[in-house]
Amino acid sequence: MRPDAWAYFAARTRIPGEIGPTVILENLHLFNDEVMTHVEARILAGDLCTIYDACMAYVQAKLNTALIPHARGRDERLELPENALREVLVNTLTHRDYRSIANVRVHVFHDRLEVVTLVD
């Protein structure tokens, strides 16, 4: 976590200065064994097109974007190709067993993207 981001958060939430970010994040179950755990969950509902669009927007918002300058301005390039993301999401939605109560989960980590089907 960036020190300036922690300082801003601590000031806004009035966390005493002697309590560090690791203690707070562990108490919130967001940090475990020096690794960030899940921070945000979003439940998507609706028709398939709505779910696909919302999921694609969510994943794209969480991925890093490279800004490639050129003579006419700049291009933005996601760290994972948009075609690959589209393929994963479409395959997941298309080949899902709709007779099952299983949930599809998309996990965005700093080094990978995982799409899994779990029964809660």
Side-chain angles (χ1 to χ4, degrees):
M1 176 178 292
R2 294 185 346 245
D4 59 328
W6 173 253
Y8 176 76
F9 174 76
R12 293 275 312 216
T13 56
R14 298 185 178 111
I15 295 173
E18 64 271 6
I19 300 176
T22 302
V23 173
I24 299 298
L25 294 173
E26 285 176 345
N27 286 342
L28 294 171
H29 305 287
L30 299 175
F31 193 73
N32 189 14
D33 297 325
E34 299 184 12
V35 176
M36 292 290 288
T37 59
H38 64 284
V39 176
E40 181 180 331
R42 195 168 282 170
I43 297 173
L44 304 175
D47 61 87
L48 286 178
C49 290
T50 301
I51 291 171
Y52 167 80
D53 288 340
C55 191
M56 185 65 120
Y58 175 77
V59 170
Q60 287 175 328
K62 299 302 175 194
L63 294 176
N64 293 320
T65 303
L67 301 176
I68 314 297
H70 53 74
R72 296 178 312 274
R74 68 178 189 197
D75 290 331
E76 295 182 2
R77 186 179 321 148
L78 287 174
E79 64 182 311
L80 295 174
E82 191 171 339
N83 289 341
L85 294 175
R86 185 178 306 111
E87 183 76 16
V88 167
L89 295 178
V90 168
N91 280 343
T92 300
L93 293 172
T94 304
H95 297 295
R96 183 177 187 275
D97 182 0
Y98 286 95
R99 297 171 294 176
S100 169
I101 61 169
N103 294 310
V104 175
R105 296 197 178 160
V106 178
H107 302 280
V108 181
F109 297 97
H110 69 32
D111 62 344
R112 68 190 183 281
L113 174 81
E114 291 181 5
V115 180
V116 295
T117 303
L118 299 173
V119 177
D120 287 336

Within the structure provided, determine whether His107 and Arg112 are in side-chain contact (heavy-atom separation under 4.5 Å). no

Please name the pair of heavy atoms, one in Gly20 and one in Trp6, separated by the smallest distance, quoted to 0.1 Å. C-CZ2, 3.8 Å

Over 12 non-hydrogen atoms of neighbours within 6.0 angstrom of CZ in Arg86: yes

Determine whether a donor-acceptor pair (N or O, by modelled atom type, separation under 3.5 Å) exists between the side chain of Glu79 and the backbone of Asn64. yes

So do the side chains of Leu85 and Leu78 get within less than 4.5 Å of each other, counting heavy atoms only? yes

Is there a side-chain contact between Leu67 and Glu76 (heavy atoms, below 4.5 Å)? yes

Work out which heavy atom in Ile51 is nearest to a heavy atom in Ala45; give both atom names and the distance. CG1-C, 3.9 Å

Shared hydrophobic cluster for Tyr58 and Val90 (ILVMFWY, side-chain gaps under 4.5 Å): yes

Taking all non-hydrogen atoms of both residues into account, name the closest pair between Ala54 and Leu44 and its distance. CB-CD2, 3.8 Å

Test log, rule side chain to side chain contact (heavy atoms under 4.5 Å, CB included), inputs Arg105 and Val115: CA-CA 6 Å; Arg105 296 197 178 160; Val115 180; over 6 Å; no

Please say yes or no: joined through hydrophobic side-chain contacts below 4.5 Å, possibly via intermediate residues, are Val116 and Leu89 part of one cluster? no

N/O donor-acceptor pairs under 3.5 Å from side chains in residues 8-19, not counting sequence neighbours:
from  : atom 1 : to    : atom 2 : distance (Å)
Tyr8  : OH     : Arg12 : NH1    : 3.4
Thr13 : OG1    : Phe9  : O      : 2.7

To the closest 0.5 Å, what do you measure between OG1 (Thr92) and OH (Tyr52)? 11.0 Å

Closest non-hydrogen atom pair, Met56 against Glu82: CE-O, 3.9 Å

For Tyr98 and Leu93, work out which heavy atoms get closest and say how close. OH-O, 2.7 Å

